[in-house]
Structure formats: structure tokens, C-alpha cells
J.: 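Below you'll find the structure I mean.
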2 protein chains.
Amino acid sequence: MDHTSSWDDRALLLLGVLMNQSQHGYQINDFIERALCEVATMKKPTAYALLDRLAAARHISVHSEQEGNRPPRKVYSITDSGREVFTRLLRENLATFDAPTFAGDIGLMFLTYLPLPEAIAALKERLARIEALLDTTVRVPPHPNLSIDLAFDHLTALRRADRDWLRDTIRELEKRQMTTGANAQA
Amino acid sequence: MDHTSSWDDRALLLLGVLMNQSQHGYQINDFIERALCEVATMKKPTAYALLDRLAAARHISVHSEQEGNRPPRKVYSITDSGREVFTRLLRENLATFDAPTFAGDIGLMFLTYLPLPEAIAALKERLARIEALLDTTVRVPPHPNLSIDLAFDHLTALRRADRDWLRDTIRELEKRQMTTGANAQA
DNA sequence: ACGTGATTAGTCAAGTCTGACTATAATGGG
DNA sequence: CCCATTATAGTCAGACTTGACTAATCACGT
């Protein structure tokens with residue numbers, strides 16, 4: 001529901017992974033989907049397509065490698081030009097804040113179309129989900145080269161803020177419910 | 001960079017706008033791009049395409065209207081079936097929390113690849129942008145039927161959390177910079 | 001000895017979203 | 001009276017993403 005020139009972010013992600021070490025496609029995809037899944041998402045077809053484009057632009061180099069009888073695999077390495085692009089994209093990304101929008105806010109806008117008790121019940125369910133997420137998500141272990149934990153920290157801070165806001169809001173709505181209830185009775 | 005079945009959210013948005021009142025395409029698009037732009041984004045082609053689909057599914061009805069010599073305009077109204085769908089989608093949206101990812105976190109993961117002073121400088125720029133956003137964004141005035149202000153409140157709370165986290169983090173990084181600097185001098 | 005699952009490398013169709021474009025009519029400023 | 005802007009209604013190509021699929025090899029448990 002929100003998109004900058006998403007190419008930059010994707011490219012930054014791939015180049016960053018390759019800054020860490022040269023890898024072949026499977027490894028790259030695996031790393032992103034396992035180690036980074038909390039912080040970033042990129043699916044296989046997207047990764048392969050983008051790797052092709054980065055290779056065409058000479059920002060990464062490819063060389064085939066065979067191990068035993070296995071299907072050959074392509075090892076991608078970042079090039080000097082790639083390192084330059086990476087640094088530029090990184091600096092840009094760090095210096096930028098592009099205000100995101102949240103799917104959950106759409107519901108909030110139309111809250112008034114639901115009877116207040118039902119709205120409160122639904123929001124309580126949302127709250128429970130955030131709390132569950134905060135409780136169960138395991139702290140990511142520090143990576144030797146990457147500051148994944150920093151990004152994870154950021155994510156956690158935002159989720160806590162989400163939780164706190166929601167708690168306050170529910171309390172507020174319940175207060176309103178009581179007063180209108182009292183008015184209705186009077 | 002993040003997507004649930006985005007259809008649901010889009011449909012909820014359009015149906016919600018039509019719950020407020022029957023409108024023609026231009027009005028719908030205008031309302032979304034002006035009044036709701038802080039909270040939700042949907043571009044014209046998406047809106048028109050989705051309106052067609054909602055009409056095909058009989059969740060909204062269309063009737064043409066001519067005013068003077070102007071090009072005829074199509075007025076869309078929500079139907080009973082549309083109201084049902086709307087209520088279901090609304091309840092779902094309110095009860096759901098689908099953990100978003102943020103483009104800005106990608107940079108955070110790779111922070112270590114930039115010399116610490118440069119990273120700090122870049123993050124300070126990011127901070128300045130968030131602060132500017134928080135300072136300049138005008139409080140949305142309450143809408144008679146919609147709780148846009150509630151959604152806006154949520155957004156603001158998250159941005160403040162973002163700002164606070166960033167301030168702390170920059171302070172932390174500066175502390176680290178000083179100690180490593182002292183070590184280097186010693 | 002056999003099947004299951006992981007490793008490796010992709011591809012394809014289908015759907016989504018956006019930017020840029022075309023047209024006409026009314027309206028308001030100078 | 002003319003021009004720029006707004007109102008109005010769309011369309012289209014192109015880019016981006018995803019889910020689902022194919023293939024082959026190897027490691028491992030039973």
C-alpha cells in the first residue's frame with residue numbers, strides 16, 4: 001500500500017547481502033527469507049530478476065561453479081561499480097524518511113460505521129495480535145557484519161508504540177461507550 | 001514493500017468512501033487524494049478499475065448523470081450487498097495486524113558499511129525530515145462522518161515513536177563514536 | 001531400498017500499481 | 001475576450017510482485 005521507487009530499496013538489499021560475501025542465488029534468497037524476513041521481504045522471482053539486472057549493469061559479476069554432479073550454480077559477487085552504487089543507495093536510504101501509510105488505518109477512518117462495542121471488540125483483537133507478536137518474536141542474534149539487530153530494534157520500538165496507542169485508544173473508546181450508555185439510560 | 005491481499009484494503013477504502021455518500025469518479029478520487037492522502041493512497045487508474053469490479057460484483061451501483069453540456073458522469077452508490085461486504089472487511093481490518101516492514105530498515109541493517117560519522121550524519125538528516133513532517137503536518141479537521149482524525153492520530157503516534165527511537169539511536173551511536181575515537185587517540 | 005526433504009536454479013501467468021497521456025467543458029483572472 | 005486552471009472521465013503501456021510450477025541432485029532416516 002506504499003511504494004517509493006522500490007527499485008532502490010531492493011537493489012540496496014541485494015547489494016548489501018553481497019557486500020557481506022559472494023553468494024549464489026539459493027543462498028541469497030535463503031538468507032533474505034530466513035535471516036532478514038522480519039525486517040525485509042523479497043521473493044525469489046524478484047530476487048532473480050533483479051540479480052539479472054544488476055549483472056547487466058555490471059554492478060555485480062557472475063561466475064558459474066560446479067560441485068560434483070549437482071546442477072551448476074551461479075555465484076554473484078559485487079563489483080567496484082556495485083560498491084559505489086551500494087554506498088550511494090545506503091546513504092540515501094539512511095538520510096530519507098518516506099512517510100508510510102498503514103493498511104490498518106483505513107479501518108480506523110471508518111470506525112464510526114460499526115457499533116461502538118463491536119469496534120472495540122475488533123480493536124481488542126488487533127491489540128492481542130500485536131501483543132502476541134511482541135511476546136513471541138525472538139530477539140534476533142547479532143550478525144557479525146550486519147546490524148540486523150538495530151533494524152529489529154527499530155521495528156520493535158514501532159510495534160510497542162502501536163500497542164501503546166491502541167491500548168490508550170481502546171480505553172478512550174470504552175470511556176465514550178460508558179458515557180453514551182449512561183446517557184441512553186438517563 | 002509490504003502487501004496483504006491488498007484488494008481487501010482497497011475495496012474497504014472505496015466502499016467506505018461511498019458509505020459516506022454516493023459520488024462520481026472524480027469526487028471519489030479527489031476525496032482520496034486530498035482529504036485522505038495522509039492516511040491512504042490510491043491512484044486514479046486503480047480507483048477506476050476497482051470501481052468497475054465492485055460494480056460488476058453488484059457491491060455498488062452506477063447511474064449516469066448529465067449536467068448541462070458537461071461530459072456525463074457516473075455516480076456510484078453502495079448497495080446492500082456492498083454494505084455487507086463493507087462491514088465484513090471493516091471488522092476484519094480492525095481486528096487484524098499484519099506486521100509491516102519498512103524501507104528505512106534496510107539501510108539500518110547495513111549501517112556498518114558506512115564510516116560511523118557518515119552514518120550518523122545521514123541519520124541526522126532522516127531525523128530532521130521526521131521532525132519537519134511532525135512540525136508541518138496540520139492536524140486534520142474532524143470529518144462529520146469519518147474518524148479520519150483517529151487514523152491521523154495513530155500515524156502521528158507512530159511518527160513520534162520513530163523520531164524518539166532515532167534520537168536515542170543517534171545519541172547511542174555518537175557515544176560509540178567518542179569511545180572509539182578516544183581509543184584511537186590513546 | 002525407497003521415499004522425503006533439502007539444495008540448486010529457474011520460469012510463467014496473473015494480478016497490481018503507477019506515470020503519462022488524451023479529451024472536453026466550465027470558470028475565473030487580467 | 002483570452003488563457004490558465006479546475007472539473008470531469010477515462011485509457012494504456014510498462015513496471016513490479018507474487019504464487020505456483022518444473023527439474024535435477026543429494027543426504028538421511030527407516
Side-chain angles (χ1 to χ4, degrees), chain A residues 1-14 17 22-37 40-57 60 62-76 98 100-101 103 106, chain B residues 1-14 17 22-37 40-57 60 62-76 98 100-101 103 106:
Chain A
M1 190 98 196
D2 38 343
H3 290 287
T4 338
S5 180
S6 161
W7 190 87
D8 288 356
D9 299 322
R10 306 275 180 192
L12 176 60
L13 179 58
L14 281 183
V17 169
S22 298
Q23 299 181 51
H24 51 94
Y26 189 83
Q27 269 176 310
I28 295 171
N29 183 246
D30 207 54
F31 185 69
I32 292 175
E33 291 207 338
R34 285 186 208 282
L36 310 185
C37 62
T41 63
M42 184 164 47
K43 295 300 163 60
K44 225 195 316 180
T46 310
Y48 276 118
L50 199 42
L51 282 172
D52 282 348
R53 282 207 276 160
L54 287 171
I60 60 180
V62 199
H63 90 107
S64 261
E65 205 179 68
Q66 187 108 22
E67 194 186 337
N69 241 352
R70 288 203 187 170
R73 57 196 187 184
K74 290 183 188 168
V75 179
Y76 298 90
D98 50 338
T101 59
I106 299 178
Chain B
M1 192 99 194
D2 38 339
H3 288 288
T4 339
S5 180
S6 162
W7 190 85
D8 287 357
D9 300 323
R10 307 273 180 196
L12 176 60
L13 179 57
L14 282 184
V17 169
S22 297
Q23 299 183 53
H24 51 93
Y26 189 83
Q27 270 176 309
I28 295 172
N29 183 245
D30 207 54
F31 184 69
I32 292 175
E33 290 205 340
R34 285 187 207 281
L36 310 185
C37 63
T41 64
M42 183 164 49
K43 296 300 164 60
K44 224 196 314 181
T46 310
Y48 276 117
L50 201 42
L51 283 173
D52 282 348
R53 282 208 275 159
L54 286 171
I60 60 180
V62 199
H63 88 108
S64 258
E65 205 180 68
Q66 188 107 23
E67 195 185 339
N69 242 352
R70 287 201 186 171
R73 56 194 187 185
K74 291 183 188 170
V75 179
Y76 298 89
D98 51 339
T101 60
I106 298 179

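Throughout, a chain's letter reflects where its sequence line sits, starting with A, and its residues are numbered from 1.
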J.: For R34(B) and dT8(D), what is the distance between atoms CZ and C1' respectively, to the nearest whole Å?
T.: 13 Å

J.: Less than 4.5 Å apart, any side-chain heavy atom of L36(B) and any of L13(B)?
T.: yes

J.: Just N and O in the side chain of K44(A): are any of them under 4.0 Å from OP1 or OP2 of dT18(D)?
T.: no

J.: Just compare dT8(D), dT17(D), dG19(C) and give me whichever is closest to any side-chain atom of R10(A).
T.: dT17(D)

J.: Residues two or more places apart in sequence or in another chain: which of them pass side chain to side chain contact (heavy atoms under 4.5 Å, CB included) with A55(A)?
T.: I60(A), V62(A)

J.: Among the candidates dT8(D), dA7(D), dC12(C), find the nucleotide nearest to the side-chain atoms of H24(B).
T.: dT8(D)

J.: To the nearest Å, give me how far apart CG (D30(B)) and P (dG10(D)) are.
T.: 15 Å

J.: Take atom CG of D8(B) and atom P of dT16(C), then tell me their distance rounded to the nearest Å.
T.: 11 Å

J.: Would one find a side-chain N or O of K43(B) under 4.0 angstrom from OP1 or OP2 of dT16(C)?
T.: no

J.: Quick check: closest heavy atoms across A103(A) and D9(B), and the distance to 0.1 Å?
T.: CB-OD2, 3.5 Å

J.: Quick one: closest heavy-atom pair of L14(B) and A47(B), and the distance?
T.: CD1-O, 3.9 Å

J.: Specify the separation, in whole Å, of atom CG of N29(B) and atom P of dT8(D).
T.: 12 Å

J.: Rounded to whole angstrom units, what separation is found between the CD atom of Q27(A) and the P atom of dT7(C)?
T.: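 The distance from CD of Q27(A) to P of dT7(C) comes to 10 Å, rounded to the nearest Å.
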
J.: K74(B) has an atom NZ; how far is it from atom C1' of dA7(D), in whole Å?
T.: 17 Å

J.: In whole angstrom, give the distance that lies between atom CG of L13(B) and atom C1' of dC17(C).
T.: 14 Å

J.: According to salt bridge (charged side-chain N to carboxylate O under 4.0 Å, His left out), does anything in residues 22-31 of chain A pair up with another residue at least two apart or in another chain? List the pairs.
T.: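 Qualifying pairs: D30(A)-R34(A).
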
J.: Can you tell which of dT18(C), dT6(D), dT8(C) lies closest to the side chain of Y26(B)?
T.: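 Nearest to the side-chain atoms of Y26(B), counting from C-beta on, is dT6(D).
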
J.: Mind running a 4.0 Å heavy-atom check of residues 48-56 of chain A against DNA chain D and sending the residues that fall below it, in number order?
T.: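 Only R53(A) qualify.
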
J.: Considering only side-chain heavy atoms of Y76(B), which listed nucleotide, dG10(D), dA20(D), dC17(C), is closest?
T.: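 My answer, after comparing the listed nucleotides, is dG10(D).
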
J.: May I ask you to verify if any side-chain N or O of T46(B) is less than 4.0 angstrom from the OP1 or OP2 atom of dT18(C)?
T.: yes

J.: Taking all non-hydrogen atoms of both residues into account, name the closest pair between K43(B) and E33(B) and its distance.
T.: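 So the minimum-distance heavy-atom pair works out to CD-OE2, 3.5 Å.
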
J.: What is the distance, rounded to the nearest whole Å, between atom CD1 of I32(A) and atom P of dT17(D)?
T.: 12 Å

J.: Between dG10(C), dC16(D), dT18(C), which nucleotide gets closest to the side-chain atoms of W7(A)?
T.: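 For W7(A), the side-chain atoms sit closest to dC16(D).
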
J.: Got a second to check how far I106(A)'s CD1 is from L12(B)'s CG, nearest 0.5 Å?
T.: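 Rounded to the nearest 0.5 Å, the CD1-CG separation comes to 6.0 Å.
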
